[in-house]
Amino acid sequence: MSSVERTDLSGVPETALWTLWQRSVEARRPDGLLHDPKAVELVERIDYPFEERFGTIGPHSQLQALRVGCFDREVADFLAREPRGTVVCLGEGLETQYWRIDNGRAQWLTVDLPEMIALREHLLPPGPRQRYLPADATDLAAWSEEVDRARAVLVTTQGLCMYLPPAQVKALIAGCADRFPGGSMIVDAVPRWFARLATSGRMRTAAYQVPAMPWAMDAGERDKLRTASPAVTAVRDVRPTGGRGLLGALLPLALTAPWLAAHRPSVTVLNFAEGPEPA
């Protein structure tokens, strides 16, 4: 598309542009791990100094693609089991997952801050089975009633929870478990060492500072997510697959060597208890 759109985001909302850029960098590669033409299109449309701000050197695009792949596989599996289910995307930013894996029958609800929803509506106008709701994702009272509980529900929080205080992460999980019985939720987390680097200001490029990450969880701690609510009945690790070059060669080691496996980034699926049987 030839039109150029200006945008001005900062702080945590700017991370939507960072992840968009990394997906587009990976999608442009002939050996890329992610097929995401919509991300490439958006980067071409948006008037923003992506390369100058975020750079193109390093493993970031591949790491982003590996994380996205974990979410895409889980959502695709959910849609295969529940083709008319609802995918609730919290803090979605400019994620383009709908255009990658929609099955033509599911309902999709995006919940994000008003300024991000306005940008998303402009750049990614919703289709007939998509709804965008401007609200704080942690305020379940503001959005949970918009979800059709007669359908199976999957809640995703890609790239959201690490920017929340720990108490809000716990409350968000508990609130979803209580409101969507029989549903599930996908949560990704950065390890504690990574969060310390981000919070201390050491995660940066020449022009971009990664925001502080108040919540972190080592992969070996995932079972602690059960304590958020008695309604969390199971937790399951979602492991990245693929990879190329040195990163691809080291990935099996990172998943099996005890210390590395326990202190890596993680993607976890939480299953929620079924509601009480009707009288």
Side-chain angles (χ1 to χ4, degrees), residues 12 15 18-19 22-23 26 33-34 58-78 89-91 95 97 154-174 176-177 183-200 202-203 210-229 231-272:
V12 172
T15 63
W18 186 88
T19 55
Q22 301 301 340
R23 294 200 314 276
E26 191 66 22
L33 306 181
L34 183 68
H60 305 297
S61 67
Q62 188 177 175
L63 289 170
Q64 178 69 14
L66 290 171
R67 181 182 77 166
V68 167
C70 290
F71 276 83
D72 280 5
R73 290 197 311 275
E74 288 300 317
V75 176
D77 286 350
F78 168 76
C89 305
L90 303 182
E95 173 59 60
Q97 184 179 68
L154 172 64
V155 180
T156 73
T157 63
Q158 186 177 177
L160 171 66
C161 289
M162 63 278 295
Y163 300 114
L164 302 177
Q168 284 193 345
V169 175
K170 183 175 182 179
L172 179 62
I173 294 171
C176 288
S184 53
M185 184 176 190
I186 314 175
V187 177
D188 63 323
V190 297
R192 295 182 183 277
W193 63 264
F194 188 98
R196 286 194 293 268
L197 291 176
T199 301
S200 67
R202 286 179 285 174
M203 293 297 297
V210 174
M213 298 179 178
W215 181 71
M217 181 189 74
D218 290 339
E221 299 179 285
R222 70 179 65 86
D223 283 341
K224 293 181 180 179
L225 295 175
R226 288 175 179 265
T227 66
S229 169
V232 177
T233 59
V235 299
R236 175 169 53 84
D237 183 29
V238 183
R239 297 191 162 199
T241 60
R244 64 173 178 273
L246 180 61
L247 183 58
L250 292 176
L251 184 59
L253 180 64
L255 295 174
T256 56
W259 192 92
L260 293 174
H263 297 86
R264 60 177 171 84
S266 60
V267 177
T268 304
V269 175
L270 312 178
N271 292 332
F272 302 149

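The basis for the numbers below is simple: all heavy atoms, side chains too, and nothing from hydrogens, waters or symmetry mates. On a predicted model such as this, the values are computed, not experimentally measured, just so you know.
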Intermediate values then yes/no, side-chain contact (heavy atoms from CB on, under 4.5 Å), V68 and Q158: CA-CA 8 Å; V68 167; Q158 186 177 177; 3.3 Å; yes

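- A 4.5 Å side-chain heavy-atom check between Q22 and R67 finds every atom pair outside the cut-off.
- Put simply, the side chain of R222 never gets that close to the backbone of S266: no donor and acceptor are under 3.5 Å apart.
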What pairs of donor and acceptor atoms, side-chain ones from residues 162-172 against any protein atom, are under 3.5 angstrom apart with sequence neighbours left out?
none

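- Atoms CZ and OG, from R236 and S184 in turn, are 8.5 Å apart once rounded to the nearest 0.5 Å.
- Screening residues 240-251 for salt bridge (Lys or Arg N to Asp or Glu O under 4.0 Å), with sequence neighbours left out, gives E26-R244, D31-R244.
- Although no hydrogens or angles enter the test, the distance criterion places a donor-acceptor pair under 3.5 Å between the side chain of T233 and the main chain of N271.
- Residues C89 and T156 approach most closely at CA-OG1, 3.4 Å, considering heavy atoms.
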side-chain contact (heavy atoms from CB on, under 4.5 Å) evaluation trace for V187 with L270: CA-CA 8 Å; V187 177; L270 312 178; 4.2 Å; yes

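- Judged by distance alone, the side chain of T157 and the main-chain N or O of I186 form a donor-acceptor pair under 3.5 Å.
- Separating the OG1 atom in T241 from the CG atom in L66 is a distance of 7.5 Å, to the nearest 0.5 Å.
- Of the possible donor and acceptor atoms, one in the side chain of S229 sits under 3.5 Å from a partner among the backbone N and O of A231.
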Worked verdict on K224 versus V235 for side-chain contact (heavy atoms from CB on, under 4.5 Å): CA-CA 9 Å; K224 293 181 180 179; V235 299; over 6 Å; no

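- Atoms CG and CD, from D72 and E95 in turn, are 7.0 Å apart once rounded to the nearest 0.5 Å.
- Under the 3.5 Å distance criterion, the side-chain polar atoms of D218 are matched with a main-chain donor or acceptor of R192.
- Looking only at distances, no side-chain donor or acceptor of R23 sits under 3.5 Å from a matching main-chain atom of S61.
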